[in-house]
Student: 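Dumping the structure here so I can ask a few things about it.
If you read the sequence from its start, that first residue is 1, and numbering goes on from there.
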Amino acid sequence: MSEHLDTWTAADLLSYEKYIESTSGLERLSRVATANEEWVVSDWDGERYTIRFDKNFSKKHLATFSKDRERTEKEAYFEWLNSGKTRDAGENWQRAEHKFMDEKMKTTADNRNVANACTCGHLFNRHPGGGACNQAGCVCAKFTTVFAASRIAAGKPVEDPLAGMKTPKTTFIVLNWVPKADFESVVVQSIQAHEKPSGWKRGDPLAKAVNDEAVLKWDFGAARIGAVVQAQAGTDPSSWVRKQGCYIKAKKIATDWGRQTWQIFHMESSPPHAAF
């Protein structure tokens, strides 16, 4: 089974579930559905914030290194051979991690660029409610992307985590790039900027009410350029733009004494909230 080990990075915030891979019969791990992903972070005042996700945000925009350690070890070995057996183990491992991460991001970007096309060759608007195709002569019974079909064949629990409108560009946050504590601090501070703005003092009501929306600024610092990656479908990873931060659109969906719940639902990509 693919192991999921602690990395001490923000990648550890993600949750996984087990499934049996159809092709091999082996037990594997797959990320839980976006709706089931939940983080809990706390601020200096003891306020807790529950972070939830909507619209498949987690699977579309949160990238990690491969969780398959055995596969990474094999690739690191090939990197060592290709270097003439001269490159050190740490660099070989890093190259292997980056290779698989870039491959995953490229797959996501490419699949999002055709997310509205069914295996029958017709677009989503030909499949009312995701059901049978109404194109004359087509016998397709259900809207299914090529990506979804591959996941169904593998036995994965979530058919298509990239469902939605097509887009040629996807912005990713590379969770392994940022230590877990630092990432949580960035998330908390981005919410505090709206809940407890300048001039707020203990005892004051929070500034945001349920159903209020806000644009959260996640700045991971100049030392972590590459924590945010803008990938263009159909292009080589070497041409992608790598940044230190991005803006996230979120909505406050619940409030309780000492606990606020925010739902992240959109990655901002255009000025004035483009990645930076």
Side-chain angles (χ1 to χ4, degrees), residues 1-34 37 39 58-112 147 150-151 153-158 161-162 170-184 220 223-244:
M1 186 184 83
S2 301
E3 293 183 87
H4 178 53
L5 304 176
D6 286 338
T7 65
W8 311 112
T9 71
D12 296 340
L13 290 166
L14 295 176
S15 299
Y16 294 83
E17 60 182 312
K18 297 177 182 179
Y19 74 98
I20 302 301
E21 187 178 55
S22 301
T23 53
S24 67
L26 297 175
E27 188 176 82
R28 302 289 190 187
L29 293 177
S30 181
R31 285 198 214 174
V32 299
T34 291
E37 188 69 62
W39 303 345
S58 175
K59 295 208 175 196
K60 287 178 180 177
H61 298 291
L62 302 182
T64 66
F65 293 157
S66 173
K67 57 185 175 294
D68 191 332
R69 187 176 180 84
E70 182 179 340
R71 182 171 176 243
T72 305
E73 286 177 345
K74 289 179 180 178
E75 183 60 30
Y77 174 71
F78 290 131
E79 286 286 348
W80 177 65
L81 292 179
N82 292 336
S83 74
K85 300 182 179 181
T86 59
R87 193 183 298 125
D88 68 71
E91 184 176 350
N92 291 325
W93 185 268
Q94 186 179 69
R95 283 170 175 261
E97 286 183 320
H98 290 185
K99 175 183 177 180
F100 290 143
M101 178 185 66
D102 284 348
E103 286 180 356
K104 285 198 297 183
M105 290 193 291
K106 187 176 189 306
T107 296
T108 297
D110 289 347
N111 282 315
R112 290 197 72 199
F147 180 57
S150 69
R151 290 177 65 86
K156 292 194 173 185
V158 179
L162 306 180
T170 300
T171 300
F172 297 95
I173 300 172
V174 182
L175 298 181
N176 292 85
W177 224 252
V178 187
K180 183 173 181 284
D182 292 353
F183 190 95
E184 290 176 325
F220 304 110
R224 296 201 178 93
I225 290 177
V228 174
V229 177
Q230 293 179 313
Q232 186 78 26
T235 63
D236 188 86
S238 62
S239 68
W240 296 347
V241 178
R242 299 175 192 267
K243 304 282 190 175
Q244 73 181 56

Student: Determine whether Arg69 and Glu73 satisfy the following criterion, salt bridge (charged side-chain N to carboxylate O under 4.0 Å, His left out), listing intermediate values before the conclusion.
Tutor: CA-CA 6 Å; Arg69 187 176 180 84; Glu73 286 177 345; 3.7 Å; yes
Student: Supply the atom-to-atom distance Met101 CE to Leu175 CG, rounded to the nearest 0.5 angstrom.
Tutor: 10.5 Å
Student: Is there a donor-acceptor pair closer than 3.5 Å between any side-chain N or O of Glu37 and the backbone N or O of Ser15?
Tutor: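 Yes.
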Student: Calculate, to the nearest 0.5 Å, the distance between atoms CH2 and CG belonging to Trp80 and Asp88 respectively.
Tutor: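 The CG atom of Asp88 is 12.5 Å from CH2 of Trp80, to the nearest 0.5 Å.
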Student: Looking at Val158, is its backbone amide N or carbonyl O close enough to the side chain of Arg151 to form a donor-acceptor pair, meaning the two atoms are under 3.5 Å apart?
Tutor: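 A pair under 3.5 Å: yes.
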Student: Give the minimum heavy-atom separation between Ala231 and Phe172, together with the two atoms involved.
Tutor: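 Closest approach of Ala231 to Phe172: CB-CE1, 3.7 Å.
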Student: Provide the closest heavy-atom pair for Trp240 versus Gln230 in the form atom of the first, atom of the second, distance.
Tutor: CB-O, 3.3 Å
Student: Between the side chain of His61 and the main-chain N/O of Thr170, is any donor-acceptor distance below 3.5 Å?
Tutor: no
Student: Carefully, step by step, assess Thr64 and Lys104 under the rule side-chain hydrogen bond (donor to acceptor under 3.5 Å, both in side chains).
Tutor: CA-CA 9 Å; Thr64 66; Lys104 285 198 297 183; 3.3 Å; yes
Student: Looking at OG1 of Thr34 and NZ of Lys60, how far apart are the two atoms once the value is rounded to the nearest 0.5 Å?
Tutor: 8.5 Å
Student: Only counting residues at least two apart or in another chain, list the ones meeting ring pair (Phe, Tyr, Trp, His ring centres under 6.0 Å) with Trp39.
Tutor: Phe53, Phe183
Student: On a heavy-atom basis, which atom in Lys67 and which in Leu29 lie closest, and how many Å separate them?
Tutor: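 So the minimum-distance heavy-atom pair works out to CE-O, 2.8 Å.
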Student: Side chains of Ser66 and Asp68: do they bring a donor and an acceptor to under 3.5 Å?
Tutor: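 Note: Ser66 and Asp68 side chains miss the donor-acceptor criterion.
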Student: Please name the pair of heavy atoms, one in Arg31 and one in Ser58, separated by the smallest distance, quoted to 0.1 Å.
Tutor: NH1-O, 3.1 Å
Student: Hey, does the side chain of Asn176 reach the backbone of Phe65 with a donor-acceptor pair shorter than 3.5 angstrom?
Tutor: yes
Student: Are the side chain of Thr72 and the backbone N or O of Glu97 linked by a donor-acceptor pair below 3.5 Å?
Tutor: no
Student: Taking all non-hydrogen atoms of both residues into account, name the closest pair between Lys106 and Thr235 and its distance.
Tutor: CE-O, 3.4 Å
Student: Using a strict threshold of under 4.0 Å (side-chain N to carboxylate O), is an ion pair present between Arg71 and Glu75?
Tutor: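 Between Arg71 and Glu75 there is no salt bridge, as every charged N stays at least 4.0 Å from the carboxylate O atoms.
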Student: Rounded to the nearest 0.5 Å, what's the gap from CZ on Arg242 to CD1 on Ile225? Could you check?
Tutor: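 Answer rounded to 0.5 Å: 12.0 Å.
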Student: Where is the tightest heavy-atom contact between Ala227 and Phe220, given as atom of each residue plus distance?
Tutor: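 In terms of heavy atoms, the two residues are closest at CB-CD1, 3.9 Å.
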Student: Could you state the interatomic distance from OG1 (Thr171) to NZ (Lys243), rounded to the nearest 0.5 Å?
Tutor: 10.0 Å
Student: Roughly how far, to the nearest 0.5 Å, is CZ of Arg87 from CZ of Arg95?
Tutor: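 Rounded to the nearest 0.5 Å, the CZ-CZ separation comes to 3.5 Å.
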Student: With a 3.5 Å distance limit and no angle check, can you tell me whether Asp236 reaches the backbone of Ser239 through a side-chain donor-acceptor pair?
Tutor: no
Student: Check whether more than 12 heavy atoms from other residues, nucleotides or ligands sit under 6.0 Å from atom NZ of Lys180, and answer yes or no.
Tutor: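 Counting other residues, nucleotides and ligands, NZ of Lys180 stays at 12 neighbours or fewer.
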